[in-house]
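What follows is a short report on a single structure.
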Amino acid sequence: MTPVDGRLHRFRVAGVPFVLDVTTGTIALLDEVSWDVLPHVVAGTAIPEPVLQRHGAAESLAAAGEFERLEKEGHFLQADPMDDAMNRAAAGAVPAALPVKGMCLLVAEACNMSCAYCFASGNSMAGGGDEARTACGTGRRMLMPTEVAERAIEFLVEHSGNRRRLDVDFFGGEPMLNFDVVSSTSAYAVQRARLAGKTVGLTLTTNGSLLDQDACRFLNDSGVNMVISLDGRASVHDRVRRFASGRPSYEECLRGARLLTESRRSWRTSPASPYTYVRGTYTHYNLDFAEDVLHLVDEGFDYISMEPVVCESGHPLAITESDLPRLFDEYERLAREYVRRAREGRPFRFFHFELDLDGGPCIPRRMSGCGAGRDYIAVTPDGSIYPCHQFVGREGFVMGNVWDGITNNALQEVFANANVATRQRCRECWARYMCGGGCHANAHMENGVIDEPYSLGCELQRKRFECAIYAKAMLLNRDRRL
């Protein structure tokens, strides 16, 4: 990575040189002449003699002229149209309340597994037999009652303002432990949204071990999007994802994931069909995580996400700064394989390479990222409202409840003003408009505050963006060698 100017980011992936204009989003695949000439064009200085000798005066001047043409045409080195918005946000001119568009329903503060890296495990206690334990950080084993779930849906609709598309995520713990409430609430949410002239998207995150034919039939017929947690190779998965009794879980989780995937392949599909993706977590113990992604692809799953673990400093699973070079190499290796398989007609989707370079997110999303605590909230089985599921159980993060609404206005303002514009490190980052400021919960875990970003997460996010750009460019330029 070689910064050129605050407005440009020059970098290589797998030896291939690129430049990104941060403001306009223009991406150029460079040759070696352009790579060497660009810094001098930006600085407004003469091309030095060593560069002219290396590439020839004619080639060097032609490259400089091409950059000047791009600038005149508005593709490079333009004034940032979001400067005013960022300055207003930095001064605190961000609305403290937005219409709520999404809600995470923690329908089960209980799980049949005991994952070593679970964000909720630190406050859990045994309960409910050897295959169940508490989860989600509250130190309780609770299932959400129907009346709380339905009141939460009412709260979402009542506070959605002019939003026409709403989202409800069923989460846990393991939400399949409370599947009756998942199924009844799904129907309730669809009907309630329709009555309000809105639509609702449904998503369920599960470890897959409790899926059966009847559950798959319901989830398919109800159009529920699915996220299945599976960490890759059996040895990797079973090291950190075991049942509460200590039994390995890989085979049962894989069985459930296959059952759902196969049921959807034989099901009628359309552009509006629900998605299914497998989400894994890599740790300090499997820095070769590309092997786990490819293992999942070879097992028949074609939409994969593999996320870095986030643990407190000193945890044996935690990613460290010394791991970054290895992880950067691994992302590049995965990007090359992603392109190679696509060129061979065997494509798969990797979440972090699914970068929309043409449109991308709207300005509010570019500024504030996920929207936790602003237009997205989490609700626990007792009806308490948190900024997102990862803040559940953390002291001081209760925003209110589904009956009385948001009562902790000071906390809401904190989240409303946590964005790219108010974080100096974000304002100076070339990836600011792609990232939106990163995960608030991860920032709080590392720094104790949400307005200072999680540094390791920033490094990995930037590398993923570079690899996503590489993948897009290589698929558009199929004759270019990998």
Inset, instruction - Return yes if some donor-acceptor pair links the side-chain N/O of E174 with the main-chain N/O of N207 below 3.5 Å, else return no. - result: yes
Inset, instruction - Could you tell me whether F11 and F465 have their ring centroids closer than 6.0 angstrom? - result: no
Inset, instruction - First locate atom CE of M113, then atom SG of C253, and finally report the distance between them rounded to the nearest 0.5 Å. - result: 4.5 Å
Legend entry - Candidate pair R265 and E262, rule salt bridge (Lys or Arg N to Asp or Glu O under 4.0 Å), full reasoning: CA-CA 5 Å; R265 284 179 179 152; E262 290 168 4; 5.9 Å; no
Legend entry - D375 side-chain N/O to K101 backbone N/O, donor-acceptor pair under 3.5 Å: no
Legend entry - Residue of the set F348, Y470, Y331 for which ring-ring contact (aromatic ring centres under 6.0 Å, His included) holds with Y338: F348
Inset, instruction - For S249 and R241, indicate whether the former's side chain and the latter's backbone hold a donor-acceptor pair under 3.5 Å. - result: yes
Legend entry - Donor-acceptor pair, side chain of R239 and main chain of S235, under 3.5 angstrom: no
Legend entry - Axial cation check for F415 ring with R374, 6.0 Å and 45° limits: no
Inset, instruction - Could you please spell out the steps behind the salt bridge (Lys or Arg N to Asp or Glu O under 4.0 Å) verdict for E252 and R255? - result: CA-CA 5 Å; E252 292 183 49; R255 176 207 57 79; 5.9 Å; no
Legend entry - Side-chain donor or acceptor of R394 paired with backbone N/O of Q390 under 3.5 Å: yes
Legend entry - Shortest non-hydrogen contact between T261 and G300, atoms and distance: CG2-O, 4.3 Å
Legend entry - Expected output: side-chain H40 to main-chain T45 donor-acceptor under 3.5 Å: no
Legend entry - R7 side chain vs Q78 backbone, donor-acceptor pair below 3.5 Å: no
Inset, instruction - Answer yes or no: is there a donor N or O on one side and an acceptor on the other, between the side chain of N442 and the main chain of Y454, under 3.5 Å? - result: no
Inset, instruction - Return yes if some donor-acceptor pair links the side-chain N/O of R427 with the main-chain N/O of R432 below 3.5 Å, else return no. - result: no
Legend entry - Donor + acceptor pair across side chains of Q461, R464 (<3.5 Å): yes
Inset, instruction - Answer with yes or no whether the side chains of T380 and E109 bring together a donor and an acceptor at under 3.5 Å. - result: no
Legend entry - Heavy-atom donor-acceptor pair, R423 side chain to G437 backbone, under 3.5 Å: yes
Legend entry - salt bridge (Lys or Arg N to Asp or Glu O under 4.0 Å) partners of residues 316-327, not counting sequence neighbours, each pair once: none
Legend entry - Ring geometry between F289 and Y282 (parallel below 30°, tilted from 30 to 60°, perpendicular above 60°): parallel
Inset, instruction - Classify the side-chain pair H9/E466 by whether it contains a donor and acceptor separated by less than 3.5 Å. - result: yes
Inset, instruction - Determine, stepwise, if the pair E59 / R54 fulfils salt bridge (Lys or Arg N to Asp or Glu O under 4.0 Å). - result: CA-CA 10 Å; E59 289 291 324; R54 185 180 309 122; over 6 Å; no
Inset, instruction - Kindly assign one of parallel, tilted or perpendicular to the pair F353 and F350, based on the angle between their ring planes and the thresholds 30° and 60°. - result: perpendicular
Inset, instruction - Provide the full list of salt bridge (Lys or Arg N to Asp or Glu O under 4.0 Å) pairs with a residue in residues 293-318, sequence neighbours left out, each pair given once. - result: R258-E299, D298-R341
Inset, instruction - May I ask you to decide if the ring planes of Y277 and F351 are parallel, tilted or perpendicular, using 30° and 60° as cut-offs? - result: parallel
Legend entry - Rounded distance (nearest 0.5 Å) linking atom NE2 of H444 with atom CG of D451: 10.5 Å
Inset, instruction - Supply the atom-to-atom distance R233 CZ to D292 CG, rounded to the nearest 0.5 angstrom. - result: 4.0 Å
